[in-house]
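Everything below concerns the one structure shown next.
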Amino acid sequence: MDSVKLARYLIGKTVVRELPKGRIIGRIVETEAYLLHDAACHAFNGPTKRNRSLFLEHGHAYVYFIYGNHFMLNVCSEPKGIGAGVLLRALEPLEGIPLMKRGRSHLSHKDFTRGPGRLAAALRVDMKLDGLDLCADGPLWLGEAMKPAGRIGCSVRIGINRDTHRRLRFYARGNPYVSGPKYLCG
DNA sequence: AGTGCGATTGACT
DNA sequence: GTCAATCGCACTA
């Protein structure tokens, strides 16, 4: 399915992280779509060493490192060979909350899965998980929704200054774990 | 080999 | 509200 459909589909679904110390489960409450022929998509200029995982079959993970300290977790959306996907931007914590918080106690409860960098930190996502099949058993996978998605809002993407004519960010309306400025959360 | 910069965050005014 | 930190990658030469 295309990135927009996948971005909407993923709202309300769960992401599960299996760690030696236990299991973490979060509910996806915010995503952004990155499309084919989209100048803001990392795949825009063709495959490189950095973005190659984005060209995997849909359902695989594309993880990258940015700003010297943050990992971002994406889900590929298209058949193998096409570079497009969905960025996971925020979670509602459901299970394994102490594991998510470990080492990050300075953040308030509603902040530690809010924002793409903090989401990846909470799930202990790093480059080792790049290219992983998220639809198979393993250290990180996507699960069914545990409760309804609720109303889905959309807005322009955050931190993107190109192709701003499309509203490619999707979020669970009114959910307190959604990131971004308040006027983009209602 | 050197340079510029980014799908962000947290600390500070 | 502003702004620096921080590093791997892409690009130029």
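Protein chains get the first letters and strands the later ones, always in sequence-line order, with residue 1 at the start of each. Here the structure is a predicted model, which means the values were calculated and not measured. Below, each value reflects all heavy atoms present in this structure, side chains not excepted, and no hydrogens, waters or symmetry copies.
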So what does A/Arg157 hit on the nucleic acid, given a heavy-atom distance under 4.0 Å: a base, only sugar-phosphate, or nothing? nothing

Verify whether one side chain among A/His109 and A/Lys101 offers a donor that lies under 3.5 Å from an acceptor in the other. yes

Candidate nucleotides B/dT9, C/dC11, B/dG10, ranked by approach to the side chain of A/Pro116 - the nearest: B/dT9

Between A/Thr48 and A/Ile66, whichever has its closest DNA chain C nucleotide further toward 5' is A/Ile66

Rounded distance in Å - NE2 (A/His70) to C1' (B/dT8): 4 Å

Of the candidates B/dG10, C/dC11, B/dA7, the side chain of A/Asn74 sits closest to B/dA7

Looking only at the side chain of A/Arg118 (C-beta and beyond, no hydrogens), which of the listed nucleotides C/dA10, B/dA7, B/dG10 gets closest? B/dG10

Donor + acceptor pair across side chains of A/Tyr64, A/His70 (<3.5 Å): no

Interatomic distance where CG belongs to A/Asn45 and P belongs to B/dC5 [whole Å]: 16 Å

Show your working on salt bridge (charged side-chain N to carboxylate O under 4.0 Å, His left out) between A/Glu57 and A/Lys80 and close with a plain yes or no. CA-CA 4 Å; A/Glu57 184 73 32; A/Lys80 189 174 169 131; over 6 Å; no

Please state how far atom CE in A/Met72 lies from atom P in C/dC7, giving the value in whole angstrom units. 15 Å

What does B/dA7 pair with, Watson-Crick or G-U, if both distances are under 3.5 Å? none

Length of the line joining A/Arg167:CZ and B/dA7:C1', which is rounded to integer Å: 18 Å

Without decimals, in angstroms, what is the distance between A/Ile158 CD1 and B/dG6 P? 17 Å

Compare side-chain N and O positions of A/Arg114 against OP1 and OP2 of B/dT9 and report whether any pair is under 4.0 Å apart. no

Can you tell me the Watson-Crick or wobble partner of C/dT6, both distances under 3.5 angstrom? none

Between C1' on C/dA10 and CZ on A/Phe44, what's the gap in Å once rounded to a whole number? 15 Å

Contact under 4.0 Å: A/Arg89 side-chain N or O vs B/dT8 OP1/OP2: yes

side-chain contact (heavy atoms from CB on, under 4.5 Å) test vs A/Asn175 passes for just one of A/Ile11, A/Val29, A/Leu91, namely A/Val29

With a cut-off of under 6.0 Å to the ring centre and 45° to the axis, is A/Arg89 in cation-pi contact with A/Phe170? no

DNA chain B: A/Gly68 or A/Gly117, which has the more 5' nearest nucleotide? A/Gly68

Selection from C/dT6, B/dG10, C/dC7 that lies nearest to any side-chain heavy atom of A/Phe65: C/dC7

Would you kindly give the CE-to-C1' distance between A/Met127 and C/dG8, to the nearest whole Å? 9 Å

Just checking, is any N or O donor in the side chain of A/Ser179 or A/Glu30 under 3.5 Å from an acceptor N or O on the other one? yes

State which of B/dG10, C/dA10, B/dA7 makes the closest approach to the side chain of A/Lys49. C/dA10

Out of C/dC9, B/dT9, B/dA7, minimum distance to the side chain of A/Leu54 belongs to B/dA7

When the distance from CG of A/Asp126 to P of C/dC7 is rounded to whole Å, what number comes out? 16 Å

Centroid under 5.5 Å and tilt under 30°, A/Tyr67 to B/dG6: no

